[in-house]
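Here the structure is a predicted model, which is why all the values come from computation and not from measurement.
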Amino acid sequence: MSFHEALRPSWQCAGCGAPWPCPTRRRQLRAQYTREPELAALMEWYLAQAQQDLPGASPPGLAARFAGWVGTDATHDVA
């Protein structure tokens, strides 16, 4: 069993190597946080952490990666 947790400061997935949150972790988070506001708040917190760890990254790109998928249909996840 692989764990799809973030490796910091790179923010790559420890389980599959994809940019975190990977599609598997997104599905896990959706199952764990059934209330969208709670999930959104968590992902905004992760976004703030990633912005500190990845200062050269595109702010809009990080926002889409960490929070842009919250509130969308799970079948439309992007890697």
Closest non-hydrogen atom pair, E44 against A67: OE2-CB, 3.4 Å
Side-chain heavy atoms of Q12 within contact of P19, under 4.5 Å: yes
Separation between CZ of F66 and CZ of R26, rounded to the nearest 0.5 Å: 9.5 Å
Distance-minimising heavy-atom pair for C22 and H4: SG-ND1, 3.3 Å
Which atom of A63 lies closest to which atom of L47, heavy atoms considered: N-CD1, 3.8 Å
Close side-chain approach of L29 and W69, heavy atoms under 4.5 Å: yes
W20 to M43 - nearest heavy-atom pair and separation: CZ3-CE, 4.3 Å
Listed once per pair and sorted, the side chain to side chain donor-acceptor pair (under 3.5 Å) pairs that draw on residues 46-67, sequence neighbours left out: R8-Q49, R8-D53, W11-D53
hydrophobic_cluster_shared for L42 and L7, side chain cutoff 4.5 Å: no
Value rounded to 0.5 Å, distance of CZ in R27 from CZ in R30: 9.5 Å
Distance (rounded to the nearest 0.5 Å) between R25 CZ and Q32 CD: 6.0 Å
Minimum heavy-atom distance between C16 and C13, given as atom pair plus value: N-SG, 3.5 Å
